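Heads up, the thing below is written out as structure tokens.
Both backbone and side-chain heavy atoms feed into the values below; hydrogens, waters and symmetry mates do not. Every chain is numbered from 1, with letters handed out A, B, ... down the list of sequences. Fair warning: this is a prediction, and the values are worked out from it, not measured in the lab.
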Amino acid sequence: MVKPLATTLLLTLLMTSGLTQAQHQTDDDGFKRPLQHLELNPGLDQREFERSTLGALNVYDPLESWNRRVYHFNYRFDQWVFLPIVDGYRYITPTVVQHGVTNFFSNLGDVPNLLNSVLQLKAKRSMETTARLLLNTTIGVAGLWDPASRMGLPKQREDFGQTLGFYGAPAGPYLMLPLLGPSNLRDTGGLVVDFSAKSQVNWLNVAEASNSHPEITLLETVDQRSTVNFRYGQLNSPFEYEKIRYFYNESRKLLIVE
Amino acid sequence: MPLVHRLAALLCGITLGGPLLAADIDAQSYGYPLTNPFEATIATTPPELQPKLPADADIDQQDYRVKLRPEREFELPDNFWPVTKMGYSLAEQKGEAPLIFIIAGTGMPYNSSTAEYLKKLFYGAGYHVVQLSSPTSYDFMSAASRYATPGLTGEDADDLYRAMQAVRAQHPHLKVSAFHLTGYSLGALQAAFVSQLDETRRSFNFKRVLLLNPPVNLYTSTSNLDRLVQTQVEGINSTTTFYEMVLAKLTRYFQAKGYVDLNDAMLFDFQRSKEQLSDEQMAMLIGAVFRFSAADIAFTSDLINRRGLITPARYPINDSTSLTPFFKRALQCNFDCYITEQLIPMWRARHDGGSITQMVDQISLYAIEDYLKNSSKIAVMHNADDLILGPGDLGFLRKTLGDRLTVYPFGGHCGNLNYRVNSDAMLEFFRG
């Protein structure tokens with residue numbers, strides 16, 4: 001009586017353990033061998049990473065040695081001047097006020113966003129940005145709050161560089177702009193156009209007022225630096241210059257086609 | 001009947017008299033949603049399952065720099081000016097509190113996202129927190145490493161120990177009730193060696209040491225990572241490179257969505273869209289990230305030691321010099337290449353020869369097996385599907401640590417560190 005019982009017990013035990021092993025393909029110590037099912041190149045001599053990366057390093061950058069100097073200048077300026085000011089601003093300003101300032105300037109920025117959406121004949125985006133401008137300027141009290149984002153109208157950036165790219169203008173040589181950071185010839189032109197468009201439209205009279213009150217421009221600059229998360233050195237690589245260059249180009253391409 | 005008795009006696013003997021067993025978390029009750037180790041490694045935990053953390057503005061924290069190797073200012077080329085001093089971050093509690101050191105993983109600086117997450121977690125639980133860069137990172141190699149050839153874990157731990165002592169010396173008025181230590185990935189392996197060093201140097205007397213997803217055999221781990229870029233990926237051909245393929249997927253995804261919005265939740269949404277990446281593609285992506293680390297290590301180590309393998313010795317470099325040609329050369333070097341060309345030659349020169357097997361034994365967890373076995377303050381948390389482990393590694397940990405090892409069923413490499421179940425277990429370990 002007992003012996004057959006023990007054998008069946010043993011057998012079931014063996015079978016169930018065999019089953020679970022077949023399901024998970026785990027080792028005795030519980031290791032699941034996550035790389036086992038990957039389809040590897042049999043000779044392990046594929047050079048796809050090298051090919052992709054070397055290809056990605058091909059960015060038109062004829063002014064590289066100048067650009068690198070500017071990159072180091074920006075890095076130093078950021079560490080020794082810009083970021084201490086931003087930290088001080090954050091320290092003395094209550095969070096609510098900081099958000100208000102950010103929203104206020106962001107609302108002004110929707111003016112070029114709208115113009116460029118229209119220039120690219122993007123009907124839906126133009127309507128949404130118009131709605132944003134109207135809502136935030138009225139209910140949001142001159143843009144200090146951003147009720148539009150909460151109502152499902154997220155901010156959609158469009159600048160003149162993107163408009164030029166949309167109509168097929170090539171990026172041109174890569175440029176590292178003093179204080180402003182990575183750009184290229186096309187986007188630098190776009191920056192100038194957007195800036196003059198902003199002062200022409202003179203939304204909420206801010207452009208005019210900042211002519212006599214340079215502190216408004218200063219506040220805008222500090223606010224912009226405090227909302228941009230990028231820090232020089234954060235990629236922590238001796239090749240940060242190349243990596244920023246690649247990311248800048250690719251993100252612009254993405255923004256243009258979208 | 002007697003057989004049953006005997007069997008029962010045997011079973012009792014096994015369960016009671018045997019070694020203490022590791023805590024295995026059961027897959028059903030664990031509840032971690034990403035069962036694919038590659039997805040978990042890349043995307044980590046969905047935001048709604050992460051623990052509540054204090055906001056950056058509520059943390060009294062600052063980045064500091066300390067001069068550890070004054071000669072580097074003169075040895076390094078001009079464009080290394082940002083990394084002549086070692087950077088670290090300290091988050092201070094009001095009044096006396098325990099202090100925890102966090103060591104970052106391969107190639108990662110002290111302010112990498114995982115280290116930042118751990119900082120918030122421990123700060124929220126009332127610890128002073130010091131974050132340190134990995135000895136394999138560009139800044140640590142340049143500013144704090146004596147040989148600037150990371151990989152010999154004992155030496156790296158020694159560098160880390162000196163760095164920790166310098167950090168402590170820079171804050172003499174900080175009131176510390178006890179010292180703790182943790183690290184993730186390669187930082188966990190180094191933390192174990194640092195803890196052993198502390199047993200004789202006694203600067204900190206670490207109370208508890210937690211190793212999160214450490215490599216067991218360092219060579220297995222680097223080989224695994226090197227192998228990830230050897231996957232056969234669909235969608236690559238003579239006109240489309242791997243990056244172009246991934247970016248095209250991202251572009252189509254954002255076009256379908258209507259706007260560009262990069263955030264934590266985006267990755268999960270992306271993997272649920274029809275543009276999702278296959279296992280091979282994700283493996284290639286993870287492998288590529290580590291290849292960039294390998295390139296940084298190979299370039300920096302070669303340059304500081306003037307080995308002339310990548311940068312010709314005495315090549316003039318200043319702020320305007322293009323490093324792209326050297327980047328291209330360093331990119332061809334994976335971990336295996338770095339070990340063969342730079343690490344082993346240095347190790348042989350300093351230890352009168354020896355084989356790679358001997359070196360691997362010295363730099364892996366095997367080297368401190370007895371210490372791990374007998375030191376009850378050390379615990380390990382690992383995942384059954386971690387990409388950096390090889391067959392037998394979990395067995396080694398089980399045998400060595402017994403019930404001080406916790407094995408989670410999912411999470412890939414460090415993907416579940418910010419899962420609420422894991423974070424609770426970490427805090428519980430340091431509290432107990």
## Note on the structure
Note: vs chain B, highest number of non-hydrogen pairs under 4.5 angstrom among F239(A), Y71(A), Y232(A) is F239(A)
### Task
Sort out for me which of R291(B), K399(B), H382(B) touches chain A most, counting heavy-atom pairs under 4.5 Å.
R291(B)
### Summary
Note: vs chain B, highest number of non-hydrogen pairs under 4.5 angstrom among N67(A), L54(A), L235(A), D61(A) is L54(A)
### Query
What about Y138(B) and F140(B), are their ring centers closer than 6.0 Å?
no
### Query
Side chain, backbone, both or neither: which part of F299(B) has a heavy atom under 4.5 Å from chain A?
side chain
#### Entry: Check against side-chain contact (heavy atoms from CB on, under 4.5 Å), T102(A) and D146(A)
CA-CA 10 Å; T102(A) 305; D146(A) 182 9; over 6 Å; no
### Task
Look at Q156(A), K243(A), Q234(A) and state which one has the largest set of heavy-atom pairs under 4.5 Å with chain B.
K243(A)
### Query
Are the side chain of D302(B) and the backbone of T311(B) linked by a donor-acceptor contact shorter than 3.5 Å?
yes
### Task
Against chain A, label N36(B) side chain, backbone, both or neither, depending on which of its atoms sit under 4.5 Å from a heavy atom there.
neither
### Query
Just checking, is any N or O donor in the side chain of S106(A) or N103(A) under 3.5 Å from an acceptor N or O on the other one?
no
### Interface moiety of Y241(A) toward chain B, non-hydrogen atoms closer than 4.5 Å
neither
### Portion of T321(B) that has a non-hydrogen atom of chain A nearer than 4.5 angstrom
backbone
### Contact origin within S278(B) toward chain A - heavy atom pairs under 4.5 Å
neither
### Query
Can you check whether I297(B)'s main-chain N or O pairs, donor with acceptor, with S301(B)'s side chain at less than 3.5 Å?
no
### Query
Which region of R157(A), side chain (C-beta onward) or backbone (N, CA, C, O), has a non-hydrogen atom less than 4.5 Å from a non-hydrogen atom of chain B, or is it both or neither?
neither
### Task
Let me know if V407(B) has heavy atoms under 4.5 Å from chain A in its side chain, its backbone, both or neither.
neither
Side-chain donor-acceptor pairs under 3.5 Å in residues 246-254 of chain A, sequence neighbours left out?
unit_1	atom_1	unit_2	atom_2	d
Y248(A)	OH	D187(A)	OD2	2.7
N249(A)	ND2	R245(A)	O	3.4
E250(A)	OE2	K253(A)	NZ	3.3
S251(A)	OG	F247(A)	O	3.1
S251(A)	OG	Y248(A)	O	3.0
R252(A)	NE	D187(A)	OD2	3.0
R252(A)	NH1	D159(A)	OD2	3.0
R252(A)	NH2	D159(A)	OD1	2.8
R252(A)	NH2	D159(A)	OD2	3.4
R252(A)	NH2	D187(A)	OD1	3.3

### Message
Quick check on the interface: out of Q79(A), H72(A), R125(A), who has the most heavy-atom pairs with chain B under 4.5 Å?
### Response
H72(A)
### Task
Tell me, please, which residues at least two apart from N236(A) pass side chain to side chain donor-acceptor pair (under 3.5 Å).
D139(B)
#### Entry: Which portion of N224(B) sits near chain A, non-hydrogen atoms under 4.5 angstrom
both
### Task
Using modelled atom types only, decide if a donor and an acceptor are shared between the side chain of D27(A) and the backbone of D29(A) within a distance under 3.5 Å.
no
### Query
Under a 4.5 Å heavy-atom cut-off, does chain B meet the side chain of Q36(A), its backbone, both or neither?
neither
### Message
Assess, by modelled atom type and distance only, whether the side chains of N113(A) and D110(A) contain a donor and an acceptor separated by less than 3.5 Å.
### Response
yes
### Region of E50(A) that comes under 4.5 Å of a non-hydrogen atom in chain B
side chain
### Query
Just by distance, with hydrogens left out, do Q131(B) and E116(B) show a side-chain donor and acceptor under 3.5 Å apart?
yes
### Message
So for P37(B), is it side chain, backbone, both, or neither that comes closer than 4.5 Å to the heavy atoms of chain A?
### Response
side chain
### chain A contact via L303(B) - which portion, at a heavy-atom distance below 4.5 Å
neither
### Task
Could you tell me if the ring centre of Y110(B) sits under 6.0 Å from that of Y88(B)?
no
### Task
Could you have a look at F242(B), Y243(B), F80(B) and say which one has the most heavy-atom pairs with chain A under 4.5 angstrom?
Y243(B)
### Pairs of heavy atoms under 4.5 Å with chain A: top-ranked of L247(B), T324(B), T251(B)
T324(B)
### Task
Give a yes or no answer on whether the side chain of N74(A) reaches the backbone of L179(A) with a donor-acceptor pair at less than 3.5 Å.
yes
### Task
Using a cut-off of under 4.5 Å on heavy-atom pairs, state which of S112(B), G390(B), G392(B) scores highest against chain A.
G390(B)
### Task
Sort F38(B) into side chain, backbone, both or neither according to what part of it lies under 4.5 angstrom from a heavy atom of chain A.
side chain
## Note on the structure
Ranking D393(B), D296(B), I236(B), V229(B) by heavy-atom pairs under 4.5 Å to chain A gives rank one to D296(B)
### Message
Assess, by modelled atom type and distance only, whether the side chains of E48(A) and S52(A) contain a donor and an acceptor separated by less than 3.5 Å.
### Response
yes
### Summary
Bottom line for T300(B): the part with an atom under 4.5 Å from chain A's heavy atoms is side chain
### Message
Taking E128(A) first and then R132(A), would you say they form a salt bridge - that is, a charged N and a carboxylate O separated by under 4.0 Å?
### Response
no
### Task
Could you tell me whether a side-chain N or O of N41(A) sits under 3.5 Å from a main-chain N or O of Q232(B), the two making a donor and an acceptor?
no
### Query
Does any heavy atom of chain B fall under 4.5 Å from the side chain of D87(A), the backbone, both, or neither of them?
neither
### Task
Name the member of A27(B), A283(B), P391(B) that forms the most heavy-atom pairs with chain A at distances under 4.5 Å.
P391(B)
### Query
Within a reach of under 6.0 Å around CH2 of W81(B), are more than 12 heavy atoms found that belong to other residues, nucleotides or ligands?
yes
### chain A contact via R252(B) - side chain, backbone, both or neither, heavy atoms under 4.5 Å
neither
### Task
Say whether S117(A) and E158(A), considering side chains only, have a donor N or O and an acceptor N or O under 3.5 Å apart.
no
#### Entry: Part of R90(A) lying under 4.5 Å from any heavy atom of chain B
neither
### Query
Checking heavy atoms, do the side chain of M284(B), its backbone, both or neither come under 4.5 Å from chain A?
side chain
### Query
Contact part of A288(B) toward chain A, heavy-atom cut-off under 4.5 Å: side chain, backbone, both or neither?
both
